[in-house]
2 protein chains.
Amino acid sequence: MSRVVRDSIQILQAQGYKVTKPRRQVLEVLEEVQRPLSPYDIQRLLRQEGKYLNHVTIYRILDLFCCLNLAHKVLSSGGFVKCSLEGKGGCHRLMVCRCCGALQEFASEGLCQEENELAQNSGFHTEYHLSESSGVCSDCYKKQ
Amino acid sequence: MSRVVRDSIQILQAQGYKVTKPRRQVLEVLEEVQRPLSPYDIQRLLRQEGKYLNHVTIYRILDLFCCLNLAHKVLSSGGFVKCSLEGKGGCHRLMVCRCCGALQEFASEGLCQEENELAQNSGFHTEYHLSESSGVCSDCYKKQ
DNA sequence: TCATAATTGCAATAATGTTGCATTTAACAT
DNA sequence: ATGTTAAATGCAACATTATTGCAATTATGA
């Protein structure tokens, strides 16, 4: 079991949620695959490993994970990914490679501040930042 | 007919697309409502005005509008909005009020540059920026 | 090992998307 | 004006995704 999965399990326990087989399985697929997965993607992948989860269960698990910041919904694709950055409050930034789908999460205090300021100039009080840059990752760029 | 709708119609014509009743109707709802609408939202709204469009038609119209940059898909909600900024290449930024749903599109060269630089530091070549800040708009903030 | 609340599975249904093909319509030439 | 034609729409059928209430199961702490 990977460190990230173990950490997530600890968070579940700490918050009083049960550590069930379905929850562990979803954590593990997300960690394994490292790309955005829809609820049904997850169901299909697990089924390939001979594991069956009802789709309703998966929906509920993903809801919970998002609430606990263990997973994020990737906006451009609608899929879910495991969170990789800790302690980032109110901010979620991704780079997505349009060739291979590779995904990199990053943080930037500078960007957050600038976004906040811009918003405040029009009287808007920002609580949460989402941003996704799409482009070509270094590997794919070399191959071109 | 609003200026924005008229402009959009001109773009359609200029690109060789027909200016049909369904396309005009979709443009007008989007312009009227000024918040993200799903295809079925649009169908429901039009039906309330006694106008009927098949949902398939609406899907196709929205696809076209997005290609021509006449509309955008708002990532966090999945709805579609009329584009309000001209000449912004490869960038789409929104502020969404979590109280009233009000929506403001904005642009920022500074943010784009910073995002590009951050990406390049990890070898990533950025082509398109999406960002959505959610929070409270000035009106709703006053009422609180 | 037992009790119990939380979690999962199931069934039914709703909502959203997609495809191929017949019909209609806007645009253009006459 | 009218006819022609390619483009656009509507329709039917279907596929996929999402939601709800309730019964069965299971992780947890005593």
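Within every chain, numbering begins at 1; the chains are lettered A, B, ... in the order of the sequence lines, protein sequences first and strands thereafter.
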**Qualifying side chain to side chain donor-acceptor pair (under 3.5 Å) pairs, either residue in residues 16-31 of chain B, two or more places apart** = none
**Item:** Tyr40(B) side chain near Tyr59(B) side chain, heavy-atom distance below 4.5 Å
**Value:** yes
**Message:** Rounded to whole Å, how long is the line connecting atom CD of Gln43(B) with atom C1' of dA15(C)?
**Reply:** 12 Å
**Request:** Given salt bridge (charged side-chain N to carboxylate O under 4.0 Å, His left out), test Arg3(A) with Asp7(A) step by step and report yes or no.
**Result:** CA-CA 6 Å; Arg3(A) 194 188 61 77; Asp7(A) 287 354; 2.6 Å; yes
**Request:** Please say whether more than 12 non-hydrogen atoms of neighbouring residues, nucleotides or ligands are located less than 6.0 Å from OH in Tyr141(A).
**Result:** no
**Message:** Contact list please: residues 21-31 of chain B against DNA chain C, heavy atoms, distance less than 4.0 Å, in numerical order.
**Reply:** none
**Message:** Quick check on DNA chain C: between Val19(B) and Arg44(B), whose nearest nucleotide comes earlier from the 5' end?
**Reply:** Arg44(B)
**Item:** Closest-nucleotide 5' rank along DNA chain C - winner of Gln13(B) and Tyr59(B)
**Value:** Tyr59(B)
**Asked** Between atom CZ of Arg60(A) and atom CG of Asn54(A), what is the distance when rounded to the nearest 0.5 Å?
**Response** 7.5 Å
Enumerate all atom pairs, one protein N or O and one N or O from nucleotides 20-26 of chain D, separated by less than 3.5 Å.
none

**Asked** Below 4.5 Å, heavy atoms only, C-beta onward: do Thr126(B) and Leu118(B) meet side chain to side chain?
**Response** no
**Prompt:** Where do His129(A) and Glu115(A) land on the side chain to side chain donor-acceptor pair (under 3.5 Å) test, with the steps shown first?
**Reply:** CA-CA 8 Å; His129(A) 298 287; Glu115(A) 281 175 356; 2.4 Å; yes
**Message:** Looking at Gln15(B), I want to see if its CD is surrounded by more than 12 non-hydrogen atoms of other residues, nucleotides or ligands under 6.0 Å.
**Reply:** yes
**Message:** Is there a side-chain contact between Tyr52(B) and the phosphate of dC11(D), meaning an N or O under 4.0 Å from OP1 or OP2?
**Reply:** yes
**Prompt:** Quick one: is dT16(D) close enough that its OP1 or OP2 comes under 4.0 Å of any side-chain N or O from Tyr40(A)?
**Reply:** no
